[in-house]
Visitor: 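Below is the structure I would like to discuss, written out as structure tokens.
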There are 2 protein chains.
Amino acid sequence: MTSAAAEPPWLNDAEMRTWRAYLRAVNLIDRRLNEGLKTAADLAIEDYEVLVHLSETPERRLRMSDLSQRLVHSQSRLTQRVDRLAKRGYVSREKCPEDRRGTFACLTDEGFAALQATAPHHVRDVREALIDLVGTDEHEIVADVFERIIERLRQD
Amino acid sequence: MTSAAAEPPWLNDAEMRTWRAYLRAVNLIDRRLNEGLKTAADLAIEDYEVLVHLSETPERRLRMSDLSQRLVHSQSRLTQRVDRLAKRGYVSREKCPEDRRGTFACLTDEGFAALQATAPHHVRDVREALIDLVGTDEHEIVADVFERIIERLRQD
DNA sequence: TAATAATCATTCAACCTTGAACTATCTGGC
DNA sequence: GCCAGATAGTTCAAGGTTGAATGATTATTA
């Protein structure tokens, strides 16, 4: 996709349209989902995503660094987010025996229950704000584009 | 796109793929663009976007409330962001004579110069992180999807 | 036209993120 | 085995965001 030669410096009309729409839509989606989770469960979307990632793991736990990479959060940001979720009883910490520098964030039963209780509201919001606005035939293209981006930016 | 009947409650595989890729890609893009602007001009992307929106206006100024809507920022967030940009000399304030409750945020010459100096770096980053990863034939679809979303979420 | 409601912008306190500094542990080369 | 350097995670201070409260002005309506 990216040629070796220099790309044109500015964006053409089609590119600018994509970029502007992207910027605005992402902000609107973020605001909407945050409002929804705040009302339904007094959670930020980042909190919710922590619970989701933990719940999708067989042991319902993840190493802090692993989790921070998945969420694209800095380590200190995750440390403090997990602190707050732990204070609420949704997450607990376990020392990692194999690597004693390491810590697991573990989803508690209470955290799992909160996630299950909140999920239907959140999924409805996700549908309304994004998924139901992508046509059946468009999903693959959109997912392709985003996965290309992830592949490109992942390493850093 | 949204039917009157109830949507299926959970996401199917294609929908989930879109959603997960979206979440991760957006965070990676945001991180990348912020890093780029921070190094190039010690600006956050929100600062940059303030300058862009002001510069695109004939008078190079916008009412605070107008600007906060375009950026999808709360009013208090914008107030404080403009405070900081004003402290740096990139933006100034003018009282609005027609509606004396109102205030204009005005792009200064210095702010415009900073924008011009930074734009090439930022555009390169935008290309690398998003635009060049969307195929020529994909731009219209992606833009369509995001504009649909904007239309849906705009009013709130 | 006075009263009520709505809008524009700012302020303040509580909360959250950032990034650098720090502790503890592990890894690889000698 | 030992040391330099990498890695995991936390802490702290500085700065940014949120949301409710406030002050000032404009719109509505009885």
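Predicted model only: the values in this text are computed from it and were never measured. Just so we're on the same page: letters track the sequence lines, and every chain starts at 1.
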Visitor: For atom NZ of B/Lys95, decide whether the heavy atoms of other residues, nucleotides or ligands shown that lie under 6.0 angstrom number more than 12.
Guide: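 Yes, enclosed.
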Visitor: Rounded to whole Å, please give me the gap between CZ in B/Arg100 and P in D/dG23.
Guide: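 In whole Å, D/dG23 P lies 18 Å from B/Arg100 CZ.
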Visitor: Assign a letter to each nucleotide of nucleotides 9-19 of chain D from its 5' end: B, base within under 4.0 Å of a protein heavy atom; S, sugar-phosphate only; -, no contact.
Guide: BBBB---SBBB
Visitor: Measure the distance from CG on B/Asp99 to P on C/dT10 and round it to the nearest whole Å.
Guide: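 Atom-to-atom, B/Asp99 to C/dT10, this comes out as 13 Å.
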Visitor: In whole angstrom, what separates A/Leu71's CG from C/dT18's P?
Guide: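 The distance from CG of A/Leu71 to P of C/dT18 comes to 12 Å, rounded to the nearest Å.
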Visitor: Between P on C/dC16 and CD1 on A/Ile45, what's the gap in Å once rounded to a whole number?
Guide: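 My rounded result for the distance is 16 Å.
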Visitor: Grab the N/O contacts between the protein and nucleotides 21-23 of chain C below 3.5 Å, and write none if there aren't any.
Guide:
none

Visitor: Determine whether more than 12 heavy atoms belonging to other residues, nucleotides or ligands lie under 6.0 Å from atom CG of A/Asp137.
Guide: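 Count over threshold, so yes.
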Visitor: Could you pull out every donor-acceptor pair under 3.5 Å between side chains of residues 58-67 of chain B and any protein atom, sequence neighbours left out?
Guide:
from, atom 1, to, atom 2, distance (Å)
B/Arg61, NH1, B/Glu94, OE1, 2.8
B/Asp66, OD1, B/Arg70, NE, 3.1

Visitor: Tell me: CG of A/Leu43 to P of C/dC16, nearest whole Å?
Guide: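 One finds 11 Å between P of C/dC16 and CG of A/Leu43, rounded.
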Visitor: Measure CG/B/Asn34 against C1'/C/dG19 and give the value in whole Å, please.
Guide: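 In whole Å, C/dG19 C1' and B/Asn34 CG are 13 Å from each other.
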Visitor: Between B/Asp42 and B/Lys38, does at least one N-O distance fall below 4.0 Å, as a salt bridge requires?
Guide: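 Judged by the 4.0 Å cut-off on N to carboxylate O distance, B/Asp42 and B/Lys38 do form a salt bridge.
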Visitor: In whole angstroms, how far is the P atom of C/dT7 from the CD atom of B/Gln69?
Guide: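 It works out to 11 Å between those atoms.
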Visitor: Note down the inter-axis angle between the two ends of the helix from C/dT1-D/dA30 to C/dC30-D/dG1, five pairs each, to the nearest 10°.
Guide: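 For the helix from C/dT1-D/dA30 to C/dC30-D/dG1, the axes at either end differ by 30°.
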Visitor: Anything under 3.5 Å between a donor and an acceptor, one on a side chain of residues 110-122 of chain B, the other on a protein residue two or more places apart or in another chain? List them.
Guide:
from, atom 1, to, atom 2, distance (Å)
B/Thr118, OG1, B/Ala114, O, 2.6

Visitor: Report yes or no: does A/Thr18 contribute a side-chain atom to a donor-acceptor pair with the main-chain N or O of B/Ala143 at less than 3.5 Å?
Guide: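 No; zero donor-acceptor contacts below 3.5 Å.
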Visitor: Closer than 4.0 angstrom, basic N to acidic O: yes or no for A/Glu147 and B/Arg24?
Guide: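 No.
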Visitor: Decide whether B/Phe104 and B/Val52 are clustered together by the hydrophobic rule: side chain heavy atoms of Ile, Leu, Val, Met, Phe, Trp, Tyr closer than 4.5 Å, transitively.
Guide: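 Cluster IDs for B/Phe104 and B/Val52 differ.
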Visitor: Considering residues, nucleotides and ligands other than B/Asp109, do more than 12 of their heavy atoms fall under 6.0 Å from its CG?
Guide: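 Counting neighbours around CG of B/Asp109, 12 or fewer heavy atoms of other residues, nucleotides or ligands fall under 6.0 Å, so no.
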Visitor: Please determine if B/Asp132 and B/Arg124 form a salt bridge, counting it only when a charged side-chain N lies under 4.0 Å from a carboxylate O.
Guide: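 Salt bridge between B/Asp132 and B/Arg124, a charged N being under 4.0 Å from a carboxylate O: no.
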Visitor: Is a side-chain donor or acceptor of A/Asn34 paired with a backbone partner of A/Ile45 at a separation under 3.5 angstrom?
Guide: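 Yes: the side chain of A/Asn34 pairs with the backbone of A/Ile45.
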Visitor: Check nucleotides 3-5 of chain C against the protein and report each pair of N or O atoms closer than 3.5 Å, with its distance, or say if there are none.
Guide:
none

Visitor: Specify the residue among A/Asp47 and A/Glu98 whose closest nucleotide of DNA chain C lies further upstream toward the 5′ end.
Guide: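 Going by which nucleotide is closer to the 5' end, it is A/Asp47.
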Visitor: Assess whether salt bridge (Lys or Arg N to Asp or Glu O under 4.0 Å) is satisfied between A/Arg148 and B/Glu138, documenting all intermediate values.
Guide: CA-CA 13 Å; A/Arg148 234 175 272 149; B/Glu138 293 171 335; 2.9 Å; yes
Visitor: Are any of the side-chain nitrogens in A/Glu56 or B/Arg20 under 4.0 Å away from the carboxylate oxygens of its partner?
Guide: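 Yes, this pair counts.
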